[in-house]
Number of protein chains: 2
Amino acid sequence: MSMDLGSEGGKNKGHRDRETGTLGKLVSLLDLVALADGPMRFTDILSLSDQPRGTLHRQLSHLVEEGLLEVDRDGRYLIGLRLLTLASRSWARNEFRAVAEPHLHRLQEVTGETVHLGVLRGTEVIYLDKVEGRQSVRMYSQVGNASPAYCTGVGKAALSALDDAELDARISRLEYHPYTEHTLRDISELLSDVSEIRARGYAFDLEEHESGICCVAAPIRSDDGHMLAGISVTGPAYRVTLEKLRAWAPLVVAAADSIMTDMRNRMGPKR
Amino acid sequence: MSMDLGSEGGKNKGHRDRETGTLGKLVSLLDLVALADGPMRFTDILSLSDQPRGTLHRQLSHLVEEGLLEVDRDGRYLIGLRLLTLASRSWARNEFRAVAEPHLHRLQEVTGETVHLGVLRGTEVIYLDKVEGRQSVRMYSQVGNASPAYCTGVGKAALSALDDAELDARISRLEYHPYTEHTLRDISELLSDVSEIRARGYAFDLEEHESGICCVAAPIRSDDGHMLAGISVTGPAYRVTLEKLRAWAPLVVAAADSIMTDMRNRMGPKR
DNA sequence: ATCGAAAGTTCCATTATTCGGAACATAATT
DNA sequence: AATTATGTTCCGAATAATGGAACTTTCGAT
């Protein structure tokens, strides 16, 4: 297996027009339904997609036929369980995740706080795993979750491992949404944070994405620099002070390094 | 939201020929790759799918373009993270799962063993959630997992809630794979087990799917009988004796009933 | 290193599928 | 009951997928 989970594919997702091919249009629909807060009626979808009614109807039918969407008894559409099954199989067999897992657990035990593993995809971080302790709120949902890289610890750590050209290419067209009052506000703030991160080897997220939530994160990169990822220790600000984060930083960096080493060994020295 | 997670759509999955339409063929490919043990080379896929090379190549390219598949640095294909993201969103927002969650936790705390929530899809059970205690092995992977209904507690419990005609329609063409020496061997064994389950209101799985693993399960059905699901308490045979399972049965049934009640209330008396 | 074979990629005329407007059906609302 | 909003089906036109063959690259053995 390979460590590569893809560094490409970071197309702008929000609302790219001109979907390419049949599949593109169908996947857009999936996205649309998945992004909604709940089941959608035919008309809801119709107004959000710019398809003619007949076309949309057939597209939805096909998606339902394949189990990618489901129709509830009120005729509303929701994401089908088939996707969950597909995703869970690939998750379970993901080698990178498997290699990282014991390290995440160790880190969780030592710090007592929640530990995340995420990979960088374009300008987003997708969380691959999460290990939480007793006292934390259950947030299963984090696995698979995509968040902007610029306001998360794992994301900024991963970004810091890019060379300047790549970094610039990815973050120059970003929209810097102010999630909290501490969220980085523009590219210059991000760049200066990244240079600090590079200097010290790890990143902080001080309530930048979610109020009251802080973390320390360290980058993980594959040998060929093709895949970027990161791990973090996260907790509530009232419990997790900056001093604590500083104290944990070396542990996080060490864990990240161990994961890289394990990955190298597992894959053999080839290439 | 609706409780309906679909009772239709139980197409025979294994290797249905004659894929309908463009999407059908592409989803088959996704399945093929997801089912594999690891990343697949182009040729591996070529030999398993019966597509000409040019066609297959283009299909794979499209899937990669949409992020449903990814290519590792060795050119091998694996399931893309996009599926994980899509699936996790729908999971997080699944109302049935959300309603059941507190009940699962309560059941876990009382019994100390692992609790599962699964829905019946055709002749398979898909696990929607899992709550485990301290001492159990971490098996995240269970969520999203699909298993045959006839050899799992949740599955048999759900089957027992079908009327005879529906039950027969689903299980008559099954292949009864003997996972363990205790696995039900044919339709007659299943039918007699189901009638016992109906009589007592809950199901056992005594090492029928996995050696050394037992459980008690109770059925959950929506008002309209359209959706079938179940919950179970599962543990290793050396710790979880038949007496214990019997003792837990009323708790499991009560939890299942509570979930049904909550669901009814949440959805309002409409329809 | 060199050759041969296997693997992977591109091309394009043909074929099958999707598109989308409009007519048709059904459910909700006044 | 009439009216509107919503959902479904149809079919000629437009578009995308097909698949055979030619082409390029990678791999394995000598």
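Residue numbers begin at 1 in each chain, while the letters A, B, ... track the order of the sequences.
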Between [Y] and [X], is there a salt bridge with N-O shorter than 4.0 Å?
X        : Y        : value
B:Glu70  : B:Arg76  : no
B:Asp31  : A:Arg82  : yes
B:Arg198 : B:Asp164 : yes

- Query: Of A:Arg58 and A:Thr22, whose closest DNA chain D nucleotide lies nearer the 5' terminus?
  - Reply: A:Arg58
- Message: For D:dT18 and B:Gln51 - does any side-chain N or O of the residue sit under 4.0 Å from the phosphate oxygens OP1/OP2?
- Response: no
- Query: For D:dT18, does OP1 or OP2 lie under 4.0 Å from any side-chain N or O of B:Gln59?
  - Reply: yes
- Under 4.5 Å between any side-chain heavy atoms of A:Thr123 and A:Pro148, yes or no? no
- Query: Side chains of B:Arg89 and A:Leu35: does their closest heavy-atom pair fall under 4.5 Å?
  - Reply: yes
How long is the line joining [atom1] of [X] and [atom2] of [N], in whole Å?
X       : N      : atom1 : atom2 : result
B:His62 : C:dT17 : NE2   : P     : 16 Å
A:Lys25 : C:dT18 : NZ    : P     : 10 Å
B:Arg76 : C:dG8  : CZ    : P     : 11 Å
B:Leu56 : D:dA17 : CG    : P     : 14 Å
B:Leu23 : D:dT18 : CG    : P     : 12 Å
B:Asp50 : D:dG20 : CG    : P     : 12 Å
A:Leu63 : C:dT17 : CG    : P     : 17 Å
A:Leu29 : C:dT18 : CG    : P     : 14 Å

- The reported gap from CG in B:Leu69 to CG in B:Leu29 (rounded to nearest 0.5 angstrom) is 7.5 Å
- Hey, does B:Thr55 reach any base, or is it just sugar-phosphate, or nothing, if we go heavy atoms under 4.0 Å? base
Show me the protein contacts with nucleotides 5-8 of chain D, counting only N or O atoms at under 3.5 Å.
{"unit_1": "D:dG7", "atom_1": "OP2", "unit_2": "A:Thr43", "atom_2": "N", "d": "2.9"}
{"unit_1": "D:dG7", "atom_1": "OP2", "unit_2": "A:Thr43", "atom_2": "OG1", "d": "2.3"}
{"unit_1": "D:dG7", "atom_1": "N7", "unit_2": "A:Arg53", "atom_2": "NH2", "d": "3.2"}
{"unit_1": "D:dG7", "atom_1": "O6", "unit_2": "A:Arg53", "atom_2": "NH2", "d": "2.1"}
{"unit_1": "D:dT8", "atom_1": "OP2", "unit_2": "A:His57", "atom_2": "NE2", "d": "3.0"}
{"unit_1": "D:dT8", "atom_1": "O5'", "unit_2": "A:His57", "atom_2": "NE2", "d": "3.2"}

- Apply side chain to side chain contact (heavy atoms under 4.5 Å, CB included) to A:Ser258 and list each qualifying residue two or more places apart in sequence or on a separate chain. A:His103
